[in-house]
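What you see below is based on every heavy atom in this structure, not just the backbone, and it leaves out hydrogens, waters and symmetry mates.
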Amino acid sequence: MTQQEFTERTGITPTAEDFDYIHAVYLNTSMDKDEFCKDFKKHGGSRIIRDVHVRVLNYEMKCERQKKVIDDLTDFLISKAHTSDDTDFRNQAVRMAGEVEVVKRTIELGLPLWDEDRKVVLSMIEEQGK
C-alpha cells in the first residue's frame, strides 16, 4: 500500500516516518488494504499496537542474528568435515541446516561433494525429470 492509498482510505496524512511504521504494521497483517485502513482509523494510535510492533521487530532481529550464527556454524562444520575427513561434522551440519542446504553450501565453499551429497543432487535431478 502506498502512502497516498493510505491517506485516501483513512483521511490521515502521516509523516514519512509515521507511514514507514504504518506500512510495516500493515505488512505484518493478513488484512486487505481497506480492512486495515478501517481498523487503523479506530486503533492506529494504540499503545498496544506500537508495543507489539516493537516486539515483532526485536524478534525478527533476533531471528536474523540466530540465522547468521547457524549459517556460520554450518559452514564451519562443513569445512571441518572435509579437513578432518569426518562425516560426523557433516551430519551435524545437516541436522542444523538440512541436507539440501548443506549440499548447496558445500558447492558454494568450493569443496568436493561427499557420496551423501551426490545422492541428494541426483534425487533432486530425478524429481525434476518427473
Side-chain angles (χ1 to χ4, degrees):
M1 169 169 43
T2 66
Q3 187 169 347
Q4 182 178 348
E5 289 174 314
F6 177 79
T7 298
E8 289 170 359
R9 285 173 168 81
T10 62
I12 300 169
T13 306
T15 65
E17 184 179 317
D18 286 342
F19 183 71
D20 287 344
Y21 159 74
I22 292 165
H23 194 253
V25 171
Y26 167 66
L27 291 176
N28 282 295
T29 70
S30 58
M31 300 175 174
D32 66 26
K33 293 175 187 179
D34 293 322
E35 183 182 9
F36 175 83
C37 289
K38 181 180 176 186
D39 202 65
F40 193 89
K41 280 179 75 170
K42 289 182 189 175
H43 309 289
S46 169
R47 185 168 171 222
I48 293 171
I49 292 174
R50 287 199 180 267
D51 187 55
V52 169
H53 176 68
V54 168
R55 289 176 187 267
V56 167
L57 289 179
N58 287 335
Y59 179 76
E60 288 174 347
M61 288 188 313
K62 180 181 176 183
C63 288
E64 283 300 314
R65 284 192 307 268
Q66 288 176 338
K67 184 182 180 325
K68 172 82 170 107
V69 169
I70 290 170
D71 289 348
D72 291 347
L73 188 53
T74 299
D75 288 348
F76 174 79
L77 290 168
I78 293 168
S79 296
K80 279 293 186 190
H82 282 83
T83 57
S84 64
D85 198 30
D86 185 348
T87 58
D88 288 343
F89 288 111
R90 180 197 179 276
N91 293 339
Q92 184 62 39
V94 167
R95 288 196 347 228
M96 288 180 59
E99 197 140 39
V100 171
E101 185 66 18
V102 167
V103 172
K104 177 181 165 261
R105 288 175 170 281
T106 301
I107 293 168
E108 289 172 346
L109 292 168
L111 298 169
L113 296 178
W114 296 67
D115 288 338
E116 295 94 332
D117 298 331
R118 284 190 273 286
K119 289 175 185 173
V120 171
V121 171
L122 287 173
S123 72
M124 291 171 67
I125 292 170
E126 288 173 5
E127 282 296 313
Q128 290 292 323
K130 290 183 181 181

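Clustering ILVMFWY residues whenever any of their side-chain heavy atoms sit less than 4.5 angstrom apart, transitively, puts I70 in the very cluster that holds L73. Hydrophobic clustering (side-chain heavy atoms under 4.5 Å, transitive across Ile, Leu, Val, Met, Phe, Trp, Tyr) groups V100 together with V103. In the hydrophobic cluster analysis, where Ile, Leu, Val, Met, Phe, Trp and Tyr join through side-chain heavy atoms closer than 4.5 angstrom, L109 is grouped together with V94. Grouping the Ile, Leu, Val, Met, Phe, Trp and Tyr side chains by contacts below 4.5 angstrom, directly or via other members, places F89 with M96. Note: the hydrophobic cluster containing M31 also contains F19 (ILVMFWY, side chain heavy atoms under 4.5 Å, direct or indirect links).
A side chain to side chain donor-acceptor pair (under 3.5 Å) with R90 is found for exactly one of E116, H82, E99, namely E99.
Note that OH of Y21 and OG1 of T15 are 12.5 Å apart. Values are rounded to the nearest 0.5 Å. Summarising the geometry, atom CD belonging to E60 is positioned 5.5 Å from atom CG belonging to N28; distances are rounded to the nearest 0.5 Å. To the nearest 0.5 angstrom, K104 atom NZ is 10.0 Å from I78 atom CD1. The CD1 atom of I12 sits 7.0 Å away from the NZ atom of K41 when rounded to the nearest 0.5 Å. Note that CZ of F76 is 12.0 Å distant from CD of Q92, once rounded to the nearest 0.5 Å. Atom CD1 of I22 sits about 4.0 Å away from atom CZ of F40, to the nearest 0.5 Å.
Using a 4.5 Å heavy-atom cutoff, the side chains of V56 and Y59 are not in contact. The closest side-chain heavy-atom distance from R65 to V69 is not below 4.5 Å.
Under the 4.0 Å criterion applied to side-chain N and carboxylate O atoms, D34 and K38 are not assigned as salt-bridge partners. Under a 4.0 Å N-O distance rule, the pair D71/K68 does not qualify as a salt bridge. Ion pair K119/D115 not flagged as a salt bridge, since none of the NZ, NE, NH1 or NH2 atoms sits closer than 4.0 Å to an Asp/Glu carboxylate oxygen.
Between M1 and F36, the closest heavy-atom pair is CE-CD2, 3.7 Å. The minimum heavy-atom distance linking V102 with T74 is given by the pair CG2-CG2, 4.4 Å. Looking at every heavy atom in both residues, T106 comes nearest to P112 through CG2-O, 3.6 Å. In plain terms, the two heavy atoms of Q3 and P14 that are nearest each other are NE2-O, 2.7 Å.
Between the E5 side chain and the T2 main chain, a donor and an acceptor come within less than 3.5 Å of each other. The backbone N or O of W114 sits less than 3.5 Å from a side-chain atom of D117, completing a donor-acceptor pair.
More than 12 heavy atoms of other residues, nucleotides or ligands lie within 6.0 Å of CG in L27, so this atom counts as buried by the packing criterion. By the 6.0 Å contact criterion, CD on E108 is enclosed, its count of non-hydrogen atoms from other residues, nucleotides or ligands being greater than 12. Within 6.0 Å of the CE atom in M124, the count of heavy atoms belonging to other residues, nucleotides or ligands does not exceed 12. Heavy atoms of other residues, nucleotides or ligands lying less than 6.0 angstrom from CD of E17 number 12 at most.
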Note to self: What verdict does the side chain to side chain contact (heavy atoms under 4.5 Å, CB included) test give for K80 and D86, after you've listed the backbone C-alpha separation in whole Å, the side-chain angles of each residue and the deciding distance to 0.1 Å?
What the structure shows: CA-CA 8 Å; K80 279 293 186 190; D86 185 348; over 6 Å; no
